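Supplied in structure tokens, the structure appears directly below.
These numbers were taken from a predicted model, which means no experiment stands behind them.
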Amino acid sequence: MAAPLPTGKKSVNLAVPVRASRIRRDPPPVVKKTIVRDPDERDIRAGVIGVIAFALAIFVITLAFSIYGGWSPSQYNIEINNL
């Protein structure tokens, strides 16, 4: 049988305690608390915002076409009669 080749490294004695690392590290960053919102509440809010945005878009488009056609809200005089 062949004998192992000699190496230049010394063997490690695991019985001797090893000194602690002296590398200084920053502490881990503080974890921010996340606010968990109710999914139903979020969906309702998104739905309301979507309906309002759609209604506003329809209003603006209708007003733009009416002004383009020659109509303007300033053509009308509103008179209020006190009874």
Side-chain angles (χ1 to χ4, degrees):
M1 287 221 231
L5 296 173
T7 60
K9 295 182 179 179
K10 296 181 181 179
S11 61
V12 178
N13 185 1
L14 298 177
V16 178
V18 180
R19 66 181 178 151
S21 174
R22 293 186 180 205
I23 299 173
R24 294 184 180 163
R25 295 181 178 89
D26 293 334
V30 178
V31 178
K32 294 181 181 178
K33 294 181 181 179
T34 57
I35 299 172
V36 179
R37 298 186 183 209
D38 185 26
D40 292 335
E41 182 181 337
R42 184 189 65 213
D43 291 343
I44 290 171
R45 184 178 296 140
V48 168
I49 291 172
V51 168
I52 291 172
F54 187 74
L56 183 63
I58 294 294
F59 174 74
V60 168
I61 290 170
T62 305
L63 188 63
F65 276 123
S66 63
I67 290 173
Y68 177 73
W71 179 84
S72 174
S74 64
Q75 293 176 350
Y76 295 97
N77 293 327
I78 299 175
E79 296 179 10
I80 300 174
N81 295 326
N82 293 332
L83 299 177

Using a 4.5 Å side-chain heavy-atom cut-off and chaining through intermediate ILVMFWY residues, the residues clustered with I49 come out as none

Can you name the side chain to side chain contact (heavy atoms under 4.5 Å, CB included) partners of R42, sequence neighbours left out?
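Applying side chain to side chain contact (heavy atoms under 4.5 Å, CB included) to R42 gives P39.
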
For residues 51-65, which residue pairs qualify under side chain to side chain donor-acceptor pair (under 3.5 Å), counting only residues two or more places apart or in two chains?
none

With sequence neighbours excluded, tell me which residues meet side chain to side chain contact (heavy atoms under 4.5 Å, CB included) with D38.
D40, E41

Residues in side chain to side chain donor-acceptor pair (under 3.5 Å) contact with Y68, at least two apart in sequence or another chain:
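Checked Y68 against side chain to side chain donor-acceptor pair (under 3.5 Å); zero matches.
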
The criterion is side chain to side chain contact (heavy atoms under 4.5 Å, CB included); which residues satisfy it with I67, sequence neighbours excluded?
L63

How is the hydrophobic cluster of F65 composed, in terms of its other members, when Ile, Leu, Val, Met, Phe, Trp and Tyr link through side-chain heavy atoms under 4.5 Å apart, directly or indirectly?
I61

Under 4.5 Å between side-chain heavy atoms, chaining through other members, with only Ile, Leu, Val, Met, Phe, Trp and Tyr counted: pull out the rest of the cluster around I58, sorted by chain and number.
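Besides I58, the cluster holds F54.
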
